[in-house]
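Please read the structure below before turning to the comments.
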Amino acid sequence: MSTPSSPPSSPVWAVALPLPVPAYDFAAPHGHAGPLPLGCRVLVPWRNELALGVVVGAGEGGAHRLREVAGVLDRSPWVGAGFLAGARSLSALSRVPLGLLLSDLLGVGLTPRYQHRVRAVQDADLSLFGPHTPTPEWREASAFEPALLDAVRAQGLLDEDFSLSPRLSSVYRARPWHEVPEEQRTVTVWRALPIGPTPLTLRQEQAWRWLLEHGPVDSLGDWARRAGVGSGVVMGTLQRGWAEAAQTEAAPPPAYIVLQEAGPFETQVAWAQAAQVPGSHVAGLIARRWADSVEVLAPPPALPQPAAAPRRLPDDLPEELVWRLHGGRDAERFAQLAARIGRRLELGRGVLVIAPDAATLRRAWEGLSGVAEPSGTRAVLFSGTLSDVQREESWQRIQSGAARLVIGSGLALAAPLADPALIVVLEEGSDGYKWPSGSGVFVPDLAARMGAALQTPLAYVGAAPAVESVPLPGVVLPPPRSRVHVVDYASPAAQPSLGPLSAVQLRPGDQGYPISHDLAKVLRQVAERGRQAVLLAPRRGYSALIRCPSCEHTPQCRNCDIPLRLHQQTRQLLCHQCGFSQGIPERCEVCGEMMWSARGPGTEWIAAEVRTLLPECRVYRFDKDQQDDLTPLFQGESGVVVGTQALLSQDAPPNLALIGLTLADTWLGVSDFRASERYHRLLRQLISWHPERAPLLLVQTFQAEHAALRSVVEGHDALAFPTAEYDLRRALSYPPHAALAQVLITAREQAKASAGADEVAQALFAAGATPQEVLGPAASPVTRVKGLYPYHLMLRTRDEARLGKLLDVLNRSFRARVRVDVTPRGGLGV
DNA sequence: AGCACGCCGACT
DNA sequence: GTCGGCGTGCTC
């Protein structure tokens, strides 16, 4: 890619900095022969200092008078070539600056410690730069002003030398006793004097005698209580001079002793755990200077140990470039995968396994890490939850080639795996892959671009395929044995005579709500037999929908075919995807019944109901608000947990007999065309949650005939429903039959945002976009976010090439800030 | 992201 | 008369 005009001895390099800016061009460092390794870390002049960047490819050169790279930190890539290629492709389409992708997804090595020495180049006269300038001898760069160094550097008169130093880690250690501030080490106590100047009353004598025999005490109140006298007596004794305050050495807090004996600790959390005190307690000790944080040479970190070698089934998985493996249970899929991964590792090549969340990652590590050693290499775990030193150590093992099986979160995509032969993306449809901020990258999208760029095979593996994966060649394992019972709240028997209500709870009479009679019966059995149950509910039981109580119709968006959301303040129904709005109908447009707003039960309510139902049974809550300690459950004790989907990040309780979905409609009420797919995936995950057993899955719903549920009830495999959904989406022109992009327009003033949004729409139409391709623009349902007024606009095109062509119009500047999300999820990417 | 440059309100 | 608010633009 280097331009013909640039001589091969001084090529131009594109360097991405971990900032929301595009990659910039830099000239090769002077005196540096040969090409720079793609993906190596370099230090470049940046705003009169040095900044760390990554070489992402050959630069274009061009108009700028380029600065030289100041120094090269790595001899081999710190970031994988596939990642760089994938990120460049994504950046080109989405206009997310390459540097932002880098800062989001490079989880290690952005702040290396290095020694930096400088000297003047031979025969250079630096006197005009000032009195104190580099000489021909090597000196520490810190001896000079950074701005002065940069001025010399810009003239090409500076030789620089960088060498990486071992990383330091900061640890908490106990301060030596004599360094703890004196006021912390001493306490005021009250002690009796042998004799006083003024005679005492009888009561005072009693108080004094008690103190003489049992004292000293920490407080006057304590003295009075324990001596059995009133506080007045104590005060009198003191006034008559028979007792005094004295400073004595305090007993050190127990957590301090733990730190002295078991420390130092790398984190406050580790210290708090060892001392068995709350985190705030150790934070308080640090504030009061019982402990401090010191930099020490990082000891070799303890890394997660690989599991035992898994069962390996014959490798009959597809050989195509992109394939899928779904259904069955975790262990079955991992046994299939183990063979393929093992064979690739035995060839001396690398394998990357990516998980969307901590729970999936942990299961993948337990299920797959054992493949490495018999195949002649090591496995490393890499995710944001590792400590800095652990990340550094893991990355270096990958970089050195010592570890060729990488199992990690999306961050692991950037790993410098030399020769990847397979990228496995677990649960590719999971929303956990969507980066919540910054680049907004969808990890499987990036993985797919990486695979395509390097021609590395890519596999999607999970309980249920994403609809996008349906046409791929692949294997579907038979569903695990399951028992599903559906409580149909919409069945005629369940319809009591209901009057029209507004913003009240939906109470479908005689089935029992929110705990149906069927669910209550099974719960009682669970309690009687000493077994365990899990009930899943939304955290806050509110879903802004309206629904007909008679025919279950929920008003849909005419553009998007997803439920319209109720906005009480504006008295409107609004599509959260395209912004379409209409008034709230009083009567159902299908059957004429009065409409209701629907309110579902949250975890708190359900937990209270279960406690009433089973007063003898232990009831736990597990959601973001309240995470009860489930240890007794995992030790086999009987109990019921009421929680959100967060529960699935835990292992299934061992004695699990029942899983209840208290209101399955919650998963369908989401205004997003992926709601059905998500619901189906949840059901698949639930029936395969327990590694051996098949607990009863009881689903309470108004939509008993929903195809996702029927598919599970009727024992179809994990591909059946996504296939039907795939065809449905063709009819509605949704991905994968169309390419979507959400354009988010924000400004501090509403009028500006609105004008900007119109401007963007006009630019798109001017570029040939059709009305079918442009949905919106519309004000976002959330009217103001962090002081910004957001507007959005959805682009829906036949394919990605067309999308890219239309998005090209966004290269110019607009009156408002414009951002693009090419993998929108959850309707609204605000 | 930071940081500088650049125009309009409340104060030494 | 300044100090300082953050809006806009730039970084090879």
Side-chain angles (χ1 to χ4, degrees), chain A residues 1-3 5-7 10-30 32 35-36 38 40-73 84 87-88 91-92 94-107 109-111 145-147 149-156 158 160 435-441 744-756 759-760 784-790 810-820:
Chain A
M1 263 198 283
S2 87
T3 48
S5 58
S6 61
S10 64
V12 174
W13 299 101
V15 175
L17 295 100
L19 300 172
V21 295
Y24 286 121
D25 287 346
F26 289 87
H30 67 259
H32 191 281
L36 297 179
L38 198 66
C40 74
R41 289 173 300 173
V42 292
L43 292 156
V44 293
W46 186 257
R47 307 182 55 89
N48 298 325
E49 290 188 31
L50 291 181
L52 183 115
V54 170
V55 176
V56 297
E60 303 289 320
H64 265 285
R65 206 172 72 226
L66 296 177
R67 297 289 305 268
E68 289 173 354
V69 171
V72 182
L73 287 182
L84 294 177
R88 287 186 103 170
S91 173
S94 68
R95 276 126 192 99
V96 170
L98 191 54
L100 185 55
L101 286 170
L102 196 73
S103 74
D104 271 5
L105 287 150
L106 181 53
L110 292 174
T111 55
E145 285 294 317
L149 287 184
D150 196 56
V152 180
R153 181 184 293 129
Q155 297 305 314
L158 194 66
E160 300 189 73
W435 223 259
S437 61
S439 61
V441 62
L744 187 70
I745 302 119
T746 52
R748 212 164 277 278
E749 292 158 54
Q750 171 129 41
K752 251 182 160 174
S754 165
E759 207 186 348
V760 169
R784 219 157 84 122
V785 184
K786 290 184 205 156
L788 292 174
Y789 289 90
L810 302 181
N811 284 341
R812 71 177 178 85
S813 76
F814 291 87
R815 271 179 288 174
R817 205 170 85 106
V818 176
R819 274 181 41 198
V820 181

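Note on naming: letters A, B, ... go to the chains in the order of the sequence lines (proteins, then strands), and numbering restarts at 1 for each one. Because only heavy atoms are used, hydrogens play no part in the values below, and waters and symmetry mates are left out as well, while side chains stay in.
Residue contacts shown for A:Pro45 are limited to sugar-phosphate atoms, with no base heavy atom under 4.0 Å away. Residue A:Arg47 is in base contact, counting any heavy-atom pair closer than 4.0 Å across all strands shown.
Taking the ring centre of A:Phe814 as origin, the terminal cationic atom of A:Arg817 falls outside the region bounded by 6.0 Å and 45° from the ring axis.
Between the side chain of A:His30 and the backbone N or O of A:Leu158, at least one donor-acceptor pair lies under 3.5 Å. A donor-acceptor pair under 3.5 Å is formed between the side chain of A:Ser91 and the backbone N or O of A:Val96.
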Tell me, with the steps shown, if A:Arg153 and A:Glu49 meet salt bridge (charged side-chain N to carboxylate O under 4.0 Å, His left out). CA-CA 10 Å; A:Arg153 181 184 293 129; A:Glu49 290 188 31; over 6 Å; no
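Rounded to an integer number of Å, the gap from CZ of A:Phe814 to C1' of C:dG9 is 17 Å. Rounded to whole Å, the distance from CG on A:Asp150 to P on C:dC12 is 9 Å. The separation between A:Leu19 atom CG and B:dG2 atom C1' is 8 Å, rounded to whole Å. We find that CG of A:Leu102 is positioned 20 Å from P of C:dT11, with the value rounded to whole Å. If you measure from atom CG of A:Asn48 to atom P of C:dT11, you get 12 Å, rounded to the nearest angstrom. For the pair A:Trp13 CH2 and C:dC12 C1', the interatomic distance rounds to 16 Å; values are reported in whole Å. If you take NZ of A:Lys752 and P of C:dG7, they are 8 Å apart, rounded to a whole angstrom. In this entry the distance linking CZ of A:Phe26 with P of C:dT11 reads 11 Å, nearest Å.
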